[in-house]
Amino acid sequence: MKKKLSIDNLKSYKNSKKIVMITAYDALFAKMFENLADIILVGDSLNMSFLGESDTVTATLSQMIYHTKAVRNGAKNSFVIADMPFGTYSNKKTALKNAVKMFQKSGCDAIKIEGGVEKADIIKHLTQNGIAVCGHIGLLPQSVRGEGGYKIKGKNEIEAKKLILDAKAVEEAGAFCMVIEGVKAEVAKEVAKSVSIPVIGIGSGKDVDGQVLVFSDMLGFFEEFTPKFVKRYLNGADLVKEAVLAYKQEVENGTFPSQEHIY
Ligand code: KIV
């Protein structure tokens, strides 16, 4: 069985080992990922893939606590990061109150919050009060309504400079790592080089310190759309549908249950 990684282990991977992060939303899948991934992220993307909402903005704290607890129960030896949902860290006081609630009720190891320079004072307040924080810069899914869509970042000099400032601010505020999402690969590379904590990419090329993917995307369970940056390692939905079709046919033609499945 794998030994649970510490924040120091994860920080030491910078420039030596690529960090493997994957999302999970329940105990069943978390258990399968436990010995394979370095970090399990309970992302608020579950609001889309599992709740069927159109974005992450409507995710709630109690929903995130419920799913994080399930992941914790399924993967006791994994380093688990929980997403703090939109609106739960809008000022220092609210952020600390909600982060403490998340820590105490879910058993997570760290929380993730979206934002760079503009969230630095909140990250600092959390880390100074014993909350381990993973930052999230670049494309911020919780700001998608405010920005009018999912927009790739780092497309010009101004955006590239802002991303480097964001990364530095997140690091200086005490975060132990950060996710960088939807950033041009050459800019993400410079961002990763500009800080001494791991920068874990999603849709941001390969020259960063690790990768994160949403498990239901990379295993082909989420069929709505597949973003360009997602590689499908399994056609999960097709396999599930084939199995359920076989079950349906056997129930209808009376071959299930057969003698071996009858008491
Ligand atoms: O919610 C999520 O799954 C995430 C990843 C996209 C990094 O934040």
Side-chain angles (χ1 to χ4, degrees), residues 10 18-26 29-30 33 37-61 63-68 70-71 75 78-89 102 106 108-116 119 123 133-145 147 149-153 163 166-167 170 175-183 188 191-192 197-206 208-219 221-222 224-232:
L10 292 165
K18 296 270 188 186
I19 294 176
V20 179
M21 192 197 261
I22 190 167
T23 68
Y25 312 135
D26 61 26
F29 277 90
F33 305 152
D38 298 311
I39 301 176
I40 297 183
L41 170 68
V42 188
D44 58 359
S45 52
L46 66 84
N47 204 49
M48 298 166 77
S49 50
F50 272 55
L51 196 64
E53 294 279 302
S54 58
D55 58 34
T56 61
V57 176
T58 54
T60 65
L61 187 61
Q63 183 189 350
M64 293 308 298
I65 290 172
Y66 173 90
H67 285 277
T68 306
V71 167
S78 285
F79 192 94
V80 174
I81 301 181
D83 255 348
M84 293 302 286
F86 178 68
T88 61
Y89 52 94
M102 172 62 88
S106 76
C108 67
D109 297 294
I111 56 155
K112 175 163 80 60
I113 70 177
E114 295 185 8
K119 286 287 183 292
I123 297 175
V133 177
C134 167
H136 184 148
I137 62 167
L139 189 161
L140 307 179
Q142 292 177 8
S143 303
V144 72
R145 293 191 194 177
E147 289 215 352
Y150 294 90
K151 308 220 165 106
I152 298 302
K153 305 285 174 187
L163 283 161
D166 282 340
V170 167
F176 70 96
C177 74
M178 73 190 84
V179 164
I180 187 166
E181 177 165 0
V183 169
V191 171
I197 55 172
V199 175
I200 302 169
I202 175 162
S204 301
K206 65 182 180 59
V208 286
D209 306 306
Q211 296 291 328
V212 51
L213 281 179
V214 170
F215 90 93
S216 41
D217 290 342
M218 54 94 75
L219 298 181
F221 289 114
F222 189 64
E224 260 54 20
F225 60 90
T226 308
K228 178 179 164 66
F229 61 83
V230 172
K231 178 171 176 184
R232 272 204 185 181

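Read the numbers this way: they start at 1 and go in the same order the structure lists the ligands and their atoms. What you see is a predicted model, and the numbers here were worked out from it, not measured in a lab.
Listed by atom number, the atoms of ligand 1 under 4.0 Å from Asp83 heavy atoms are 1 (O), 2 (C), 8 (O). Listed by number with element, the atoms of ligand 1 under 4.0 angstrom from any heavy atom of Val214 are 3 (O). Each of the following atoms of ligand 1 lies closer than 4.0 Å to a heavy atom of Gly43: 1 (O), 2 (C), 3 (O). Remark: ligand 1 atoms within the under-4.0 Å shell around heavy atoms of Thr23 are 3 (O). Using a 4.0 Å cut-off to heavy atoms of His136, the atoms of ligand 1 that qualify are 8 (O). For ligand 1, the atoms lying closer than 4.0 Å to a non-hydrogen atom of Lys112 are 4 (C), 8 (O).
The number of heavy atoms from other shown groups lying within 6.0 Å of CZ (Phe86) does not exceed 12.
What sits closest to atom 2 (C) of ligand 1 on the protein, heavy atoms only, is Ser45 OG, 3.3 Å. Distance from atom 6 (C) of ligand 1 to its nearest protein heavy atom, with residue and atom name: Ile202 CD1, 3.6 Å.
Here the side chain of Lys151 pairs no donor or acceptor atom with the backbone of Gly182 at under 3.5 angstrom.
Counting heavy atoms from C-beta on, the side chains of Thr60 and Pro85 never come closer than 4.5 Å. Side-chain contact between Met102 and Thr88 is absent, with no heavy-atom pair separated by less than 4.5 Å. A 4.5 Å side-chain heavy-atom check between Met48 and Thr56 finds at least one atom pair inside the cut-off. With a 4.5 Å cut-off on side-chain heavy atoms, Ile197 and Phe176 do not count as touching. Between Tyr25 and Val214, the closest side-chain pair of non-hydrogen atoms falls below 4.5 Å.
Contacts with ligand 1 closer than 4.0 Å are made by side-chain heavy atoms of Leu41 only, the backbone lying farther away. Looking at Asp44 against ligand 1, both its backbone and its side chain come within 4.0 Å, counting heavy atoms. Of the heavy atoms in Leu46, none comes closer than 4.0 Å to ligand 1.
For the pair Glu181 and ligand 1, the shortest N or O to N or O distance does not fall below 3.5 Å.
Here the options are Thr68, Asn47, Thr58, Asp44, the test is side chain to side chain donor-acceptor pair (under 3.5 Å), and the partner is Gln63; only Asn47 passes.
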